[in-house]
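Heads up: the structure comes next, in structure tokens.
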Amino acid sequence: MKSISTDNTKYHIRRRINFVSCFFLLLLITIVFRAGYLQIWCASSLSEKAEKQYEKSLSFYGKRGVIYDRNLKKLADTLSITSIGAHPRQIKNKKTAAQRLAGVLSESQSVIYRKLSSPKPFVWIERKVSPAVSHNARTLKLNGIVFKTEHSRFYPNKTLAAQLIGFAGVDGTGLEGVEFAYNNVLQGGNGKLTFLKDGRGQRFESPNHDKQIKNGYKRELKNGNDLILTIDRNIQYITEKVLAETVKKHQAKSGMAIVMTPQTGEVLALTHYPAFNPHAFNRYDKTQWRNRIVTDPFEPGSTMKIFSAAAAIESGQCSPNTSFYCEKGSYRIGRNTIHDAGSHSFEWLTLHQIIKYSSNIGVVKVVEKIGKDVLYNTLIQFGFGQKTGIDCPSETSGTLAPASKWKTIDTAAIAFGQGIAVSAIQLVTATAAIANHGIMMKPYVVKAITGESGQLIQSFSPTIVRRVISETTARSVTEMMVSVVRKGGTGVNASTDGYFVCGKTGTAQKINPDGKYAKDRFIASFLGFAPAYNPRIALLISIDEPTKEGYYGGTVAAPAFRKITSETLDYLNVEPDTSGAIDSGLTASLNRGPQG
Amino acid sequence: MPISHHIHSDIVLKRKHSGHYNVQLLIPMLLLIGIGIVMVYSASSTLAHEHFNGEYYFLKKQAFFAFIGIIVLIGFKNFPYTYFTYLTYPLIILSLVFITAIEIPGLGVEVNGASRWLNLGILTFQPAEFARFVLVIYLAYSMSKKENSIKSFSIGFLPHFILLVLFALLFLHQPDFGSIIIFGALTWIMLFVGGVPIMHLLSPLPFLSGLLFVLMNQKPYIIDRFMGFLDPWKYASDEGYQLVHSFMAFGSGGLFGAGFGQSYQKLFYLPEPHTDFIIAVIGEEMGFIGVIFIITLFVVILHGGIRIALRSDEPFGSLLAMGLTTALALQLFVNLGVALGLLPTKGLTLPFLSYGGTSLLISMASVGILLNIEEAAT
């Protein structure tokens, strides 16, 4: 009985075991198919996905080049900062190592010992140490201690010429100014290292992996080249100091100034106030980074009159002595009425006097005489409406509509600097052309590129753009500009002890958001060169929205011109024209021109 | 009885006298253990080097477990398996004590948010592995004792189901959802083999569906795991992380593999490379060929186990042999199924191959018992 029952049970068990075995077989077949699907069918796409996560690339750059001023004073430099780290496993006697490191580092022995005892494969002991400290640590010659050098951009003069020089970002790439425009020159050779990383992001070696760059990590990278600028650090300093004083004194929004060598087009100083600190550029608004002298167009106002005068004389239709009726201070053109500044009600003025007293109506009359095409062509000759080609990024061409589109009122307005937008660099370049006997030079800020050991790689020589006006015309316009700073002229505050200087004032009304001219917001400027008959510098100073102690160009900008000119000519050792103050037209008319 | 059976029994009888060891079970088992030790070393050397001061840390421990395992195997081979009938209830109580002890602070070791290990001072121990072994013994014993009354719901089905529910409740608390599934599958297969009617086996379905619904609401991590399983690439940074890296390991290996020691996924990409996901490392280093080889070795072992179950003269031996084989098979299927993305993530080792003392000792003990059943089968 028992036996039969057992046999019966066994029979059932066997049947069911066989059934379960088939079920197992089915599962195994599924598993094998799945493995085959992943390992054969999907192999390439999966291994591609895997490859992507193993690879990590790092870019390395050689040391970024130095930016010098024209006298080889450093304006931007690259410092090598060393950080000290350790591979704890390679250090056998951690106690001794910690003790010896503590002798040269600022960290205490116990802190260093704790770091050296870390289970991690790499730890930082102390970051960004001074060169002396890293030197001392190196002389210990400890195994497992490594020195990692990082480059950091340093501007020794801090905010000096900040907008011109610009800055380089943390990765050592130039982002603004010369740093940006000449990034290719300054940036060292680059190397890209692709290595394999494990799941924690740490590097590992694999002899089988063909994508690894051989010796990429150790390769010496070429350092960047150096730049020598046309900027003179001292003139830049003088200019910035005077500009800052002027902006503060008149509680203006901002100011800009440029000093240029008229014969060459070299920019000696170029500044905007307020500046920013290139070491902490991120703390400043982006609008403060750009070099507004080059990038921003504005309505120049009366400084433009010298170019209208130049057009008149160059056309042959006027001489400095040609007289114009100035309508007693109020002149109607269509629906618009033009006034002369202040309470002036001139009657008859010569062209020379029109410039000296800055008569709007006078210069309108002059332009009516010569016609809009002559004015337009002369302005084009002077480079307005076009880029000067200066080697700074994002230059504006300004706005100058073609003469065919000018209405009568436009022609009148453009004659005294309204309805036209120019950049500061255009103004000073055009003025430099007058100073340079009518020949316009292309402005530039980089004089030369030199290599690592100081060898010259490329030098930039002055470039003639064109002859703009004849030498005679240039002489005549110069005389008019000289008279501006004489007694009775609008720019008398610009007259400089010991030198004949010349220039033109400008008091431009700013335009309100509604398109109309503001009654209380001005740009006060002074544009000129010095010494007048042997020019060494052409200079523009422009103060945006002065609110205190006057707003005229002659009141606000002219004194700044005097200070900059005086200090700069003194610095340049320019021999004075006379030993005393020049406060009347007498000396000049005796010595030089036909005009008082 | 069929004639072939008589012949077979004679051969077994002869071999028994000459101290025979079943090569069909032993050779593939030793191969798997050997490959396991080597692959555990490959998968763990970097981890061991950085965290345990020596790349051979896991290799040494696994080799030591294998050595102990051989002693255990020989011990069980010579231990008459029928004695387990007397040990069944003490073993059940012991396993319940172990599982409960996990809850005692200081004894339970928590890994990845789940307590599955028991700290016994010198070694940690996985009670679930032990309990699975005990469950097999209990089911084989209980069903063989009941014989024909197995067809009765209250005798043949209910007591076994109640013990399963008891285990399940304990595992739920840890939480160890995977063990519940494994125990359930094991119980069902054994009850089926033992002769429990299909209708009885299907009877808890409505109850289980309701339970599943409640579980999904109470343990949201189960749903997360399931989503990560369904679309691992979408959840590649969290729930699908393990699976995605397992896939990449298999795919990178291709047909022939990257070569021994050349797995990149084991370098902190693939979690648990030397335990739950060792097959992925094998797949990457040895390719599809290697995976097929491993599966083949298992097929040979499972076939050997099933043959012993078929050959055993009495129900207890037959059911015990089938139960032990089924436990190994389920562990294999679940481990491979998880690594290949066929099943949701579950921490379960691969028998003989994965690093882990409990798993290896239990698996080798199972083989020892199978050998003993074979020797007695005449």
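Note that the coordinates shown come from a computational prediction; the quantities given were computed from them, not determined experimentally. Here is the naming used below: chain letters follow the sequence lines, and residue numbers restart at 1 for every chain.
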Relative to chain A, which segment of [X] carries a heavy atom at a distance below 4.5 Å: side chain, backbone, both, or neither?
X	answer
L319(B)	side chain
V193(B)	both
L255(B)	both
H245(B)	side chain
L340(B)	both

For the pair Q39(A) (side chain) and G253(B) (backbone), establish whether a donor and an acceptor sit closer than 3.5 Å, ignoring hydrogens and angles.
-> no
Would you find a donor on one side and an acceptor on the other, under 3.5 Å apart, between the side chain of Y269(B) and the backbone of Q53(A)?
-> yes
Pairwise side-chain contact, [X] with [Y], heavy-atom cut-off 4.5 Å (strictly under):
X	Y	value
P315(B)	I13(A)	yes
S21(A)	L302(B)	no
K49(A)	W233(B)	yes

Look at L270(B), T326(B), L332(B) and state which one has the largest set of heavy-atom pairs under 4.5 Å with chain A.
-> T326(B)
Given H303(B), M322(B), E284(B), the one with more heavy-atom pairs under 4.5 angstrom with chain A than any other is M322(B)
Heavy-atom pair count under 4.5 Å with chain B, highest-scoring of I40(A), I31(A), T30(A) | I31(A)
In terms of the angle between their ring planes, are F19(A) and F192(B) parallel, tilted or perpendicular, with boundaries placed at 30° and 60°?
-> tilted
